[in-house]
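Here the structure comes first, spelled out in structure tokens, and everything after it is commentary.
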Amino acid sequence: MNLFLYNSITKKKDEFIPLDVNKIRMYVCGPTVYDEPHIGNARPVIVFDLLYRILRNFYGNENVTYVRNITDVDDKINKIASEKYPDIETNLAINKLTMDIEKKFKDYASKLECLSPSIEPRATEHISEMIEIIECLIDKKSAYVVDGHVIFDINKYDKYGSLSNKSQKDLIAGARIEVATYKNNPLDFVLWKPSQPNEPYWDSPWGKGRPGWHIECSAMSSKYLGQEFDIHGGGIDLIFPHHENEVAQSCSYHSNEHMAKYFVHNGTLNIEGKKMSKSLGNVVSLNDMLDTYHGAILRFTMLRTHYRQPIDWTKNSLEESKNILKKWISVSNKDSLRAQEVPSEFYETLLDDINTPQAITKMHAYFSNKEYDKLFGALNFLGINIKDLSHSMISEQNSKKDAIDETEVNKLIEERNSARKAKDYKKSDEIRNKLELMGIKLQDDGDKSTWEYIND
RNA sequence: GGCCACGUGGCCGAAUGGUUAGGCGCGGGUCUGCAAAACCCUUUACUCCGGUUCGAUUCCGGACGUGGCCUCCA
């Protein structure tokens with residue numbers, strides 16, 4: 001069976017036919033590093049990590065190149081850097097902020113058990129490539145210069161709007177912002193803009209300035225993946241204007257029909273039924289999330305919903321994931337770690353537009369049928385490291401055990417077991433209740449009793 | 001306001017023009033002094049209104065609802 005992916009260009013599920021089977025190329029829009037990464041950032045990271053694994057499995061590890069950029073030039077970055085480090089010089093403050101967030105982002109990605117992309121280029125290291133593209137676009141009359149701004153002229157790109165399925169007429173009708181006076185057309189967008197004295201800048205043919213949004217992805221994808229590549233990924237909220245503008249720039253620059261053969265977009269994430277936003281105060285940071293749940297649990301929770309569906313991020317769902325994984329881990333052994341074979345029915349559902357919920361259904365069946373090799377082979381393929389997770393679950397118990405007086409607990413358990421032997425069940429139940437009040441759940445196994453700390 | 005997507009049982013969540021999705025929870029049972037865990041059984045849904053069809057949750061139209069984008073937020 002071949003791989004099928006929903007392609008935003010054609011708006012349907014297409015068979016994936018690479019441009020070159022020996023050189024599979026995927027570009028995914030990475031984070032703009034201006035603020036603490038949140039759980040919404042994690043979705044594309046996890047989804048495209050899984051797609052990367054599928055591609056590697058299908059075409060061979062060495063034949064797949066995965067580029068995920070770091071956008072470290074952005075007006076929000078400037079604003080936050082100056083607020084956060086008011087006493088430091090602008091460029092240093094920006095560097096401090098972006099390096100810090102980038103480091104966190106990579107750390108979280110690895111805790112979510114994501115493989116490192118082949119290349120993680122930073123925008124600021126590709127300014128000259130951006131300038132080169134902009135110059136070419138001016139030469140081709142796809143862009144014009146006004147007072148230090150360079151603006152892309154969307155009327156020079158016929159297919160503008162086709163990716164995001166928008167018409168110029170609708171966009172203008174729906175516009176709610178004032179049109180910048182330097183634009184010929186309200187929908188034209190900025191490739192380069194002049195910098196004020198307190199803003200970071202690079203020298204350019206149009207004076208001291210900085211790139212607009214979008215151009216960094218055109219520059220970096222061209223550099224590392226070529227004029228046209230296989231898959232361009234990112235969140236659906238990026239389809240307009242970001243991806244639309246990237247396509248317009250890249251295709252005009254290369255005189256190409258396509259920037260990427262397939263555009264793959266993941267759905268959005270809500271928090272307890274509401275959209276995550278700063279104004280609602282419900283932004284969940286990855287840092288907090290990873291403090292509460294092991295990365296594998298977050299990863300599994302993310303994959304329990306199909307990547308194109310909106311996902312509702314709830315505590316209930318996380319707890320359910322945790323219980324399922326706990327149950328599966330309970331039947332693992334040393335061989336489980338070595339289960340490398342990917343069961344074919346499971347794999348085929350993944351090839352069908354990465355249908356993870358259905359793949360997980362197969363895993364439930366493997367568990368019920370005691371086909372543990374298949375179960376752990378599948379878990380392994382999903383990138384869920386059971387060894388690490390089970391260690392974490394054990395140490396979680398241990399750290400909770402540390403918080404209470406274990407000798408006291410053991411003494412009570414002994415007392416209770418002798419009461420049980422003497423068939424003094426009234427007393428044994430009293431002790432059980434007492435332990436429960438202490439937050440301890442007992443489990444009798446023959447004449448032995450095991451116990452664990454009750455989670456809140 | 002404009003454009004777009006989605007709306008499945010208590011909850012999560014797929015597929016599908018006609019046949020049981022699956023998981024969690026609830027309920028019942030086996031086991032256990034009682035529990036827990038485990039296992040077995042059970043729980044028949046597709047927002048509403050029209051249309052197409054022998055037959056629609058599935059296709060088409062409309063209504064309502066939720067969400068996304070149009071504000072350089074994944």
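In what follows, chains carry the letters A, B, and so on, assigned in the order in which the sequence lines appear, proteins first and then strands, with residues in each chain numbered from 1. What you see below is based on every heavy atom in this structure, not just the backbone, and it leaves out hydrogens, waters and symmetry mates. Only a predicted model underlies this, so the values are computations on that prediction, with no experimental measurement involved.
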I would like to know whether A/His38 and A/Trp313 meet ring-ring contact (aromatic ring centres under 6.0 Å, His included); could you show each step before the answer?
CA-CA 12 Å; A/His38 55 70; A/Trp313 195 257; over 10 Å; no
Look at all strands and tell whether A/Tyr425 reaches a base, only sugar-phosphate, or nothing, counting heavy atoms closer than 4.0 Å.
base
Between A/His242 and A/His214, what is the ring plane arrangement, given parallel below 30°, perpendicular above 60°, and tilted in between?
tilted
Looking at the rings of A/Tyr372 and A/Tyr366, which for Trp means the six-membered one, are their centres under 6.0 Å apart?
no
For A/Phe263 and A/His265, take the angle between the two ring planes, folded into 0 to 90°, and tell me which bin it lands in: parallel under 30, tilted 30 to 60, perpendicular over 60.
parallel
Flag the pair A/Glu430 and A/Lys434 as a salt bridge only when some basic side-chain nitrogen lies within less than 4.0 angstrom of an acidic carboxylate oxygen.
no
A/Leu238 near the nucleic acid: base, sugar-phosphate alone, or nothing, with a heavy-atom cut-off under 4.0 Å?
sugar-phosphate
Looking at A/Asp444 and A/Arg416, is there a salt bridge between them, counting it only when a charged N and a carboxylate O are closer than 4.0 Å?
yes
What contact category does A/His306 fall into here, base, sugar-phosphate, or nothing, at under 4.0 angstrom with non-hydrogen atoms?
sugar-phosphate
Contact class for A/Tyr34 vs. all strands (heavy atom < 4.0 Å): base, sugar-phosphate, or nothing?
sugar-phosphate
Between B/U71 and B/U58, how far apart are the P atoms? Round to whole Å, please.
35 Å
Stems where RNA chain B pairs, listed by first number, each of three or more Watson-Crick or G-U pairs under 3.5 Å
B:1-7 with B:64-70, B:10-12 with B:22-24, B:27-30 with B:38-41, B:47-51 with B:59-63
Distance in angstrom units between A/Glu348 CD and B/A14 P, rounded:
20 Å
For nucleotides 34-36 of chain B, tabulate all protein N/O to nucleotide N/O atom pairs closer than 3.5 Å, reporting atom names and distance.
unit_1, atom_1, unit_2, atom_2, d
B/C34, N3, A/Arg432, NH2, 3.0
B/C34, N4, A/Arg432, NH2, 3.4
B/C34, N4, A/Asp444, OD2, 2.6
B/A35, N6, A/Asp444, O, 3.3
B/A35, N1, A/Asp444, N, 2.9
B/A35, N3, A/Arg432, NH1, 3.4
B/A35, N3, A/Arg432, NH2, 2.9

Where protein sits on nucleotides 21-29 of chain B, one letter per nucleotide: B base, S sugar-phosphate only, - none, heavy atoms under 4.0 Å
BSBS-----
Kindly say if A/Thr32 contacts the phosphate of B/A74, meaning a side-chain N or O under 4.0 Å from OP1 or OP2.
yes
Does A/Asp75 reach a base, just sugar-phosphate, or nothing at all? Heavy atoms under 4.0 Å.
base
Between atom CG of A/Leu350 and atom CD1 of A/Ile54, what is the distance when rounded to the nearest 0.5 Å?
5.0 Å
Heavy-atom nearest pair, A/Tyr253 first then A/Leu137, reads N-CD2, 3.7 Å
Go through B/A15, B/C12, B/G68 for me and flag the one nearest to the A/Ser317 side chain.
B/C12
Under 6.0 Å between the ring centres of A/Trp192 and A/Phe152?
no
Mind checking A/Phe367 for me? I need base, sugar-phosphate or nothing, with any heavy atom below 4.0 Å counting as a touch.
sugar-phosphate
Under 6.0 Å between ring centres: does that hold for A/Phe16 and A/Phe4?
no
Out of B/A14, B/G2, B/G33, which has the shortest distance to the side chain of A/Lys166?
B/G2
